[in-house]
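Taking it in order: structure first as C-alpha cells, then the write-up.
None of these values were measured; they are calculated from a predicted model. Computed over heavy atoms, backbone and side chain alike; hydrogens, waters and symmetry mates excluded.
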Amino acid sequence: TNASALACALADALGAYLDRPFALFGYSLGALLAFETARELRRRGRATPACLFAAARHAPQLPPIHPPLSGLPQEHFLAQIEHYYQPDDAAWRIPELRDIVLPILRDDIALADAYEYTREAPLACPIDVFIGAQDRSVPITRAEAWREQTTREFSLDTFPGGHFFMHAAMPQLLQTLGGRLTSLLNAKCVS
C-alpha cells in the first residue's frame, strides 16, 4: 500500500544482481515503482539503472489527472476505470474474471492514489517514456514532464492506442527496447 516501502523491498530483492548492467522497465503503476526503486538504489549508494523505461504513466512529480478512485463505490469505480484506462481485455469484459481482477486493480489504484512525490535530484540515467496516443490518463504533456527527472537523455515514443497500447504494439515496443538496450550496452563497452 506504500510505494516507498515497495521500492525498498524491490531494491533489497535486486541486491544480488547489481554487479552487472541493468535497466528498469515499468508499465503504468510499475513505471512509478521502477522510478522509486532507482531513487532508492541511489540513496543506498548502490548501482543505478543504465536506463529507466516508463510506459503508460505520467511523470511522478505531477498529480494524477483524476481524483482518487480507490475508495469509490464499485459501479462508480468501474465507470472511472472505463473512462480513464479503457480496458479492453477479456478479464474486464467477463464479469467472473473481472471479479477476480478487481481487488488487485483496486489495490494498485489505492497505491497510486496514496503516492506522495518527494523532490530529489534528477536521476543520472536516460529515461525513455512510451505512451499510447489515445491514453486519457497520460496526455503527452504529462508524459513529457518525465524529462525533469533525468540529467541525461530523454526520449518519448507514442504508439497507437490507449492505456493498454502495449497489447497491439508489443513487437514495435520490444524492437525499440532492444535497440535502446543494445545502444546502451555498446556505449558502456566503449567507455
Nearest 0.5 Å please: distance from the [atom1] atom of [X] over to the [atom2] atom of [Y].
{"X": "Arg152", "Y": "Gln149", "atom1": "CZ", "atom2": "CD", "value": "15.5 Å"}
{"X": "Thr118", "Y": "Gln61", "atom1": "OG1", "atom2": "CD", "value": "12.0 Å"}
{"X": "Leu72", "Y": "Ile109", "atom1": "CG", "atom2": "CD1", "value": "10.0 Å"}
{"X": "Leu14", "Y": "Leu24", "atom1": "CG", "atom2": "CG", "value": "6.5 Å"}
{"X": "Leu69", "Y": "Asp108", "atom1": "CG", "atom2": "CG", "value": "12.5 Å"}

Cluster check [X], [Y]: I/L/V/M/F/W/Y, side chain < 4.5 angstrom:
{"X": "Ile131", "Y": "Leu173", "answer": "no"}
{"X": "Tyr117", "Y": "Leu111", "answer": "yes"}
{"X": "Leu10", "Y": "Leu123", "answer": "yes"}
{"X": "Leu102", "Y": "Phe164", "answer": "yes"}
{"X": "Ile127", "Y": "Phe25", "answer": "no"}

Can you see whether Tyr85 engages His66 through a side-chain donor-acceptor pair at a distance of less than 3.5 angstrom? yes

Hydrogens and angles aside, do His163 and Ser28 bring a side-chain donor and acceptor to less than 3.5 Å of each other? yes

Neighbour count above 12 (heavy atom, 6.0 Å) for Glu120 CD: yes

Does atom CD of Gln175 have more than 12 heavy-atom neighbours, drawn from other residues, nucleotides or ligands, at distances under 6.0 Å? no

Could you tell me if the side chain of [Y] sits less than 4.5 Å from the side chain of [X], heavy atoms only?
{"X": "Tyr84", "Y": "Ile65", "answer": "yes"}
{"X": "Trp146", "Y": "Leu62", "answer": "no"}
{"X": "Leu185", "Y": "Leu181", "answer": "no"}
{"X": "Arg44", "Y": "Cys8", "answer": "yes"}
{"X": "Leu32", "Y": "Pro60", "answer": "yes"}
{"X": "Phe154", "Y": "Val129", "answer": "yes"}
{"X": "Phe53", "Y": "Leu177", "answer": "yes"}
{"X": "Phe130", "Y": "Phe159", "answer": "yes"}

Whether the side chain of [X] engages the backbone of [Y] through a donor-acceptor N/O pair (distance < 3.5 Å, no angle test) should be reported.
{"X": "Arg57", "Y": "Val138", "answer": "no"}
{"X": "Asp128", "Y": "Cys51", "answer": "no"}
{"X": "Thr176", "Y": "Gln172", "answer": "yes"}
{"X": "Arg42", "Y": "Thr37", "answer": "no"}

Please name the pair of heavy atoms, one in [X] and one in [Y], separated by the smallest distance, quoted to 0.1 Å.
{"X": "Pro95", "Y": "Arg93", "answer": "CD-O, 3.5 Å"}
{"X": "Pro122", "Y": "Thr151", "answer": "CB-CG2, 3.9 Å"}
{"X": "Ala47", "Y": "Phe22", "answer": "O-CZ, 3.7 Å"}
{"X": "Leu41", "Y": "Ala11", "answer": "CD2-CB, 3.8 Å"}
{"X": "Pro49", "Y": "Cys125", "answer": "O-CB, 3.1 Å"}

Does Thr182 form a side-chain contact (heavy atoms from CB on, under 4.5 Å) with Asn186? I'd like the steps, not just the answer. CA-CA 6 Å; Thr182 299; Asn186 289 339; 3.6 Å; yes

Could you go through the side-chain contact (heavy atoms from CB on, under 4.5 Å) check for Gln86 and Glu82 one step at a time? CA-CA 5 Å; Gln86 305 149 292; Glu82 286 268 352; over 6 Å; no

Whether Arg106 engages the ring of Phe77 as a cation-pi pair (distance to the six-membered ring centre under 6.0 angstrom, angle to the ring normal within 45°) should be assessed. yes

Given the rule in the side-chain contact (heavy atoms from CB on, under 4.5 Å) test, do Glu153 and Arg180 qualify, once you have shown the distances and angles that lead to the verdict? CA-CA 12 Å; Glu153 301 85 18; Arg180 183 67 170 141; 3.9 Å; yes

Salt bridge (Lys or Arg N to Asp or Glu O under 4.0 Å) for Arg43 and Glu36? Distances and angles first, verdict last. CA-CA 10 Å; Arg43 282 185 217 107; Glu36 285 297 335; 3.6 Å; yes

Any Lys/Arg nitrogen of Arg119 or Glu148 sitting under 4.0 Å from an Asp/Glu carboxylate oxygen of the other? no

Between Glu40 and Arg46, does at least one N-O distance fall below 4.0 Å, as a salt bridge requires? no

Pair Arg98-Leu78, side-chain contact (heavy atoms from CB on, under 4.5 Å): steps then yes or no: CA-CA 10 Å; Arg98 187 178 65 210; Leu78 293 172; 4.0 Å; yes

Does Phe35 have its ring centroid less than 6.0 Å away from the ring centroid of Tyr115? no

